[in-house]
Amino acid sequence: MSQKTTLRQFLKANEANLPAPLSELDHLLHSIARTAKTVHAHVTRAAITDLYGTAGSSNIQGEEQQKLDVLANTLFVTTFRESNLVCVVGSEEEEEIILMDNNDAEYVVAMDPLDGSSNIDVNVSIGTIFSVFKRKSEKGTKPKVEDVLQKGTEQLIGGYVLYGTATAFVFTTGNGVHIFTYDPKGGEFLLTHTNLEIVKDSKTYSCNEGGFLGFTEGVKKYIDFCKEEGDYKARYIGSLVADFHRNMLKGGIFIYPSTQKTPKGKLRLLYECNPLAFIAEQAGGKAYDGRVRIMEIEPESLHQRTTYYVGSANMVDKALELIETHE
Ligand SMILES: O=P(O)(O)OC[C@H]1O[C@](O)(COP(=O)(O)O)[C@@H](O)[C@@H]1O
Ligand SMILES: [Mg+2]
Ligand SMILES: [Mg+2]
């Protein structure tokens, strides 16, 4: 077995391409990787340690928080606070921005601490999704919500962790997409895929068709198109990070459109759609809200939702074409 590259070695070797000082990004990414190992440990033992089930509280989205939602949120917030690099965090699990008590810090994080919450108790892949920005407000002053409300094009890092059959740490700093797989034996994340490219075309579509009757005309046409082609496969895990990861590796399109229940879409722009859009684009894919490039959307609120069409470029183009024609 060839010697695999560690995260530290990879960052050092790519120092020239990093959007910020190596020492800072190395520290930040290792802090996220270390916390991902802790979440991995909790996830794999959750049935044993009574970490399945609800926490008895709801988040701003009105969703019942799972125990692991709350635990992952606490672990990552603590990590960012202790990193002394992050001044403010926006989290799915907290209504307001979370100040890190370090106004001299320069980085901003938006995160979905635990993605795929409905799959926690049934042992199906779940994840963590995050974006890293540079603050907009002046160093030394109290950060503001505007520091988190930044367009996807402003991201320094877009990343996720997938807690699946293996635990994978996937990110881009604007210089390709790279996957580090966790080796429980050595305790390290090791480079297993570099400069990932998503195929332009594929035959896999991923969408919760349970809401089909409430879909708009163009979306219905695209789903029908996939079915009429005859050899397309429908794949839907119900964890965004897992559906996205599969499509990144095998090609495909993930769609979360407007539905009667979620007229503006369900997924959150800042800490679900933007980080994955950055990764998709860096791998040669596309990410739109049905009309506008996701990373061009000007955020207005911390938990704003958007419709989402992401994945293989030609498949996203086809969906956009049918939406434009029929809506
Ligand atoms: O159950 P639905 O409506 O298909 O929604 C599933 C989607 O909701 C999510 O679970 C929302 O994310 P959270 O679990 O972080 O709230 C996505 O992971 C997934 O793609
Ligand atoms: Mg989520
Ligand atoms: Mg979540």
Side-chain angles (χ1 to χ4, degrees), residues 35-36 39 42-43 46 51-55 57-77 89-95 98 109-131 158-164 170 204-215 219 223 234-248 252-277 279-280 287 294 302-311:
T35 312
V39 175
H42 283 296
V43 166
L51 270 175
Y52 278 174
T54 57
S57 51
S58 300
N59 63 21
I60 176 67
Q61 349 258 335
E63 296 161 345
E64 260 201 300
Q65 290 178 309
Q66 305 297 308
K67 290 177 185 170
L68 274 169
D69 283 325
V70 175
L71 177 62
N73 185 58
T74 306
L75 290 168
F76 279 107
V77 166
V89 170
S91 167
E92 178 195 2
E93 298 310 330
E94 301 210 24
E95 181 170 355
I98 312 154
V109 173
M111 70 172 181
D112 176 355
L114 211 283
D115 177 65
S117 308
S118 63
N119 279 327
I120 293 172
D121 296 7
V122 291
N123 207 351
V124 169
S125 301
I126 51 182
T128 293
I129 313 175
F130 66 92
S131 270
Y160 63 89
V161 182
L162 177 68
Y163 311 103
V170 185
T204 299
Y205 69 101
S206 186
C207 177
N208 178 350
E209 292 184 60
F212 186 85
L213 293 179
F215 291 175
V219 180
I223 301 291
R235 290 282 182 275
Y236 192 72
I237 297 168
S239 293
L240 167 64
V241 78
D243 281 309
F244 179 83
H245 191 75
R246 181 207 49 246
N247 289 349
M248 286 296 294
I253 185 172
F254 176 89
I255 297 175
Y256 207 108
S258 159
T259 68
Q260 266 154 359
K261 201 166 146 231
T262 55
K264 292 192 172 151
K266 176 181 182 180
L267 302 173
R268 283 52 61 115
L269 174 66
L270 281 174
Y271 43 76
E272 289 175 318
C273 300
N274 266 335
L276 301 185
I279 290 173
I294 288 287
L302 198 51
H303 304 288
Q304 82 182 66
R305 300 174 190 266
T306 179
T307 47
Y308 203 37
Y309 303 77
V310 60

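Counting starts at 1 for both ligands and their atoms, following the listed order.
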* **Contact summary for Val241 and Asp115, nearest pair of heavy atoms** => N-OD2, 2.9 Å
* Structure fact -> Quick note on ligand 1: atoms under 4.0 Å from a heavy atom of Glu63 include exactly 16 (O)
* Non-hydrogen atoms of Thr259 versus ligand 1: any pair closer than 4.0 Å? -> no
* Structure fact -> Closest to atom 16 (O) of ligand 1 by heavy-atom distance, out of Glu92, Glu93, Glu272, Lys261, is Glu92
* Enumerated ligand 1 atoms positioned under 4.0 Å from heavy atoms of Leu114 -> 15 (O)
* **Beyond-backbone contact of Phe76 with Val39, side-chain heavy atoms, under 4.5 angstrom** => yes
* Can you list the ligand 1 atoms lying under 4.0 Å from a non-hydrogen atom of Asn208? -> 2 (P), 3 (O), 4 (O)
* Taking the side chain as C-beta and beyond, is there a heavy-atom pair between Gln260 and Leu213 under 4.5 Å? -> no
* For Gly116 against Ser239, the heavy-atom pair lying closest together -> CA-OG, 3.4 Å
* Asked: Going from OG on Ser206 to CD1 on Ile237, what distance comes out if it is rounded to the nearest 0.5 angstrom?
  -> 7.0 Å
* Asked: Can we call the ring centroids of Tyr309 and Phe254 under 6.0 Å apart?
  -> no
* Asked: Is there at least one pair of N or O atoms, one from Leu267 and one from ligand 1, spaced under 3.5 Å apart?
  -> no
* Structure fact -> of all protein heavy atoms, closest to atom 19 (C) of ligand 1 is Gly238 O, 3.3 Å
* Structure fact -> Exactly one candidate in Glu93, Gln66, Lys67, Gln65 meets side-chain hydrogen bond (donor to acceptor under 3.5 Å, both in side chains) with Ser57; the answer is Gln65
* Asked: Under 4.0 Å from ligand 1, counting heavy atoms only, is it the side chain of Leu240, its backbone, both or neither?
  -> both
* Asked: Can you name the closest pair of heavy atoms from Ser117 and Asp69 and give their distance?
  -> OG-OD1, 2.8 Å
* Asked: Is it the side chain, the backbone, both or neither of Gln65 that has a heavy atom closer than 4.0 Å to ligand 1?
  -> neither
* Asked: Side-chain contact, heavy-atom cut-off 4.5 Å: Phe130 with Asp112?
  -> no
* Structure fact -> Quick note on ligand 1: atoms under 4.0 Å from a heavy atom of Asp112 include exactly 15 (O)
* **Heteroatom distance test (Phe254, ligand 1): nitrogen or oxygen, under 3.5 angstrom** => no
* Asked: Under 3.5 Å, N or O to N or O, is Gly116 touching ligand 1 that way?
  -> yes
* Nearest-contact summary for atom 6 (C) of ligand 1 - protein heavy atom, Å -> Tyr236 OH, 3.4 Å
* To do: Starting from the C-alpha separation in whole Å, work towards a yes-or-no answer on side-chain contact (heavy atoms from CB on, under 4.5 Å) for Met111 and Glu92.
  => CA-CA 7 Å; Met111 70 172 181; Glu92 178 195 2; over 6 Å; no
* May I ask you to identify, for Asn119, whether its side chain, its backbone, both or neither come under 4.0 Å of ligand 1 on a heavy-atom basis? => neither
* How about His42 and Leu68: do any of their side-chain heavy atoms sit closer than 4.5 Å? -> yes
* Structure fact -> Honestly, for Ser239 the part within reach of ligand 1 (heavy atoms, under 4.0 Å) is backbone
* To do: Locate the shortest heavy-atom distance separating Phe244 from Leu276; write the atom from each residue and the value.
  => CZ-O, 3.3 Å
* Asked: What's within reach of the Mg ion (ligand 3), meaning protein N/O/S atoms under 2.8 Å?
  -> Glu92 OE1, Asp112 OD1, Leu114 O
* Asked: Under 6.0 Å from the CG atom of Asn123, do we count more than 12 heavy atoms belonging to anything else shown?
  -> no
* Reported CD1-to-OG1 distance for the pair Ile294 and Thr307, which is rounded to 0.5 angstrom -> 6.5 Å
* To do: Tell me which part of Gln61 gets within contact of ligand 1: side chain, backbone, both or neither, using heavy atoms under 4.0 Å.
  => neither
* Structure fact -> If we number the atoms of ligand 1 from 1 as shown, the ones under 4.0 Å from a heavy atom of Arg268 are 11 (C), 12 (O), 13 (P), 15 (O), 16 (O)
* Considering only heavy atoms, does Asp115 approach ligand 1 within less than 4.0 Å through its side chain, its backbone, both, or neither? -> both
* Tell me which protein heavy atom sits closest to atom 5 (O) of ligand 1, plus the residue, atom name and distance to 0.1 Å. => Lys266 NZ, 2.9 Å
* **Protein contact of atom 3 (O) of ligand 1 - nearest heavy atom, named by residue and atom, plus distance** => Tyr256 OH, 2.6 Å
* Heavy-atom side-chain proximity of Val310 to Tyr256 below 4.5 angstrom -> no
* To do: Decide yes or no on side-chain contact (heavy atoms from CB on, under 4.5 Å) for Arg268 and Gln304, but give the supporting numbers first.
  => CA-CA 6 Å; Arg268 283 52 61 115; Gln304 82 182 66; over 6 Å; no
